[in-house]
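Structure first, then comments.
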There are 2 protein chains.
Amino acid sequence: MVDDIDREILAVLRTNARMPVSEIARRVGLSATPVARRIERLENEGVIEGYVAIIKDSDTGELDAFTEIRLSGGTDTRELEEIARRVPEVRQYFTIAGDPDGLVRFRVRNVDHLQKVVNAIRGTGIVAGTKTLIVMAAWDRAQVIEA
Amino acid sequence: MVDDIDREILAVLRTNARMPVSEIARRVGLSATPVARRIERLENEGVIEGYVAIIKDSDTGELDAFTEIRLSGGTDTRELEEIARRVPEVRQYFTIAGDPDGLVRFRVRNVDHLQKVVNAIRGTGIVAGTKTLIVMAAWDRAQVIEA
DNA sequence: GGTGAAAGAAGGAAGAG
DNA sequence: CTCTTCCTTCTTTCACC
């Protein structure tokens with residue numbers, strides 16, 4: 001379904017989604033036509049979910065944080081996913097294999113706001129415990145623009 | 001520095017980063033040339049940090065994982081950041097306030113590859129311990145891939 | 001997966017407001 | 001100084017092998 005050439009194409013698009021098909025073709029060693037066909041197929045199959053520009057935050061002293069979540073026994077992780085979706089501050093959600101059960105990433109205005117968000121997650125009945133990690137610094141390799 | 005038309009352009013690129021400049025131009029009511037110049041300016045000013053494709057991990061057969069890192073006493077977190085930069089699989093790096101000291105996110109082909117990456121991080125002398133979280137499912141709110 | 005031709009998009013130069 | 005209009009070059013798309 002997804003072969004090695006597809007993976008190369010995906011690796012390129014993950015780094016620079018605006019790169020022309022012709023340039024991607026050069027890098028993976030094919031002509032433009034099959035690369036365009038592969039990209040179209042990957043989009044239709046849902047392997048590529050979309051393309052987004054990464055925009056710099058208007059840095060206002062907000063906090064970036066992760067919260068690890070442990071569920072009470074017998075709870076389906078899909079219930080956690082639903083809770084994450086309902087909390088508007090949550091920007092990313094991960095179901096984890098093992099301990100913890102889930103990880104959410106969110107951005108808040110200050111520590112009071114952080115407390116509110118964490119309590120919104122905790123006060124749902126299915127959460128046995130949380131542990132919050134506050135981000136002091138971060139970088140992302142996908143943010144490099146290649147010409 | 002960033003005017004209303006810039007904001008419209010950013011809103012479009014956030015939704016579909018692969019949209020042709022000509023089509024963006026049509027939507028914001030300008031011709032293609034100034035739109036291209038604006039996009040170039042926004043890139044150079046760092047407002048646009050990059051363009052990424054959102055890939056459904058489960059279909060590539062690759063693993064997405066986080067590793068929490070605890071440093072041995074007296075180690076500067078900047079040393080950890082350097083290590084993270086040297087491991088090519090690492091896609092995101094976070095310095096954490098408290099415990100753990102750092103968090104890295106990376107993508108690997110399989111469990112053997114995962115072991116290799118974790119050991120590359122562990123075998124650096126400054127790492128006191130690690131804990132790896134394997135992602136089973138993930139989502140991002142569309143406008144949220146910013147770091 | 002590749003080819004070639006038509007359609008379309010990007011990039012540069014010149015000029016109007 | 002920014003937008004528009006052309007013009008040239010490069011890219012994408014499609015029928016076909």
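Naming: A, B, ... by sequence-line order, numbering from 1 per chain.
The end-to-end axis angle of the helix from C/dG1-D/dC17 to C/dG17-D/dC1, rounded to 10 degrees and based on five pairs per end, is 40°.
With a 4.5 Å cut-off on side-chain heavy atoms, A/R85 and A/Y93 do not count as touching. In this structure, A/H113 and A/L63 have side chains that are not in contact, with every pair of non-hydrogen atoms separated by 4.5 Å or more. Using a 4.5 Å cut-off on side-chain heavy atoms (C-beta onward), A/I126 and A/I83 make contact.
In this structure B/E45 satisfies the salt bridge (Lys or Arg N to Asp or Glu O under 4.0 Å) test together with B/R41, sequence neighbours excluded. Residues meeting the salt bridge (Lys or Arg N to Asp or Glu O under 4.0 Å) test with B/R109, sequence neighbours left out: none. Listed by chain and residue number, A/F66, A/L133, B/F66, B/E68, B/F94, B/I96 satisfy the side chain to side chain contact (heavy atoms under 4.5 Å, CB included) test with B/L103 (two or more places apart in sequence, or in another chain). The side-chain hydrogen bond (donor to acceptor under 3.5 Å, both in side chains) check on B/N44 picks up nothing, with sequence neighbours excluded. By the side chain to side chain contact (heavy atoms under 4.5 Å, CB included) test, A/A97 is found to be paired with B/I134, B/M136, residues two or more places apart in sequence or in another chain being considered. For the side chain to side chain contact (heavy atoms under 4.5 Å, CB included) test, residues two or more places apart in sequence or in another chain that qualify with B/T67 are B/I69, B/V104, B/F106, B/V118, B/T130, B/T132. Looking at residues two or more places apart in sequence or on another chain, you find a side chain to side chain contact (heavy atoms under 4.5 Å, CB included) between A/D4 and A/R7. In this view, B/D64 and B/R91, B/R105 satisfy the salt bridge (Lys or Arg N to Asp or Glu O under 4.0 Å) rule, not counting sequence neighbours.
Think of the region where chain A sits on DNA chain C: with heavy atoms and a 4.0 Å cut, that region ends 5' and 3' at C/dG1 to C/dG4. In 5' to 3' order, the nucleotides of DNA chain D bounding all contacts with chain B (an atom under 4.0 Å from a heavy atom) are D/dC3 to D/dT5.
Within 4.0 Å (heavy atoms only), A/R38 reaches sugar-phosphate atoms of the nucleic acid but no base atom.
Enclosure of atom CD in B/E23 by more than 12 non-hydrogen atoms of other residues, nucleotides or ligands within 6.0 angstrom is indicated.
Within residues 17-33 of chain B, the residues approached by DNA chain C to less than 4.0 Å at the level of any non-hydrogen atom are B/P20, B/V21, B/S22, B/T33, in residue-number order.
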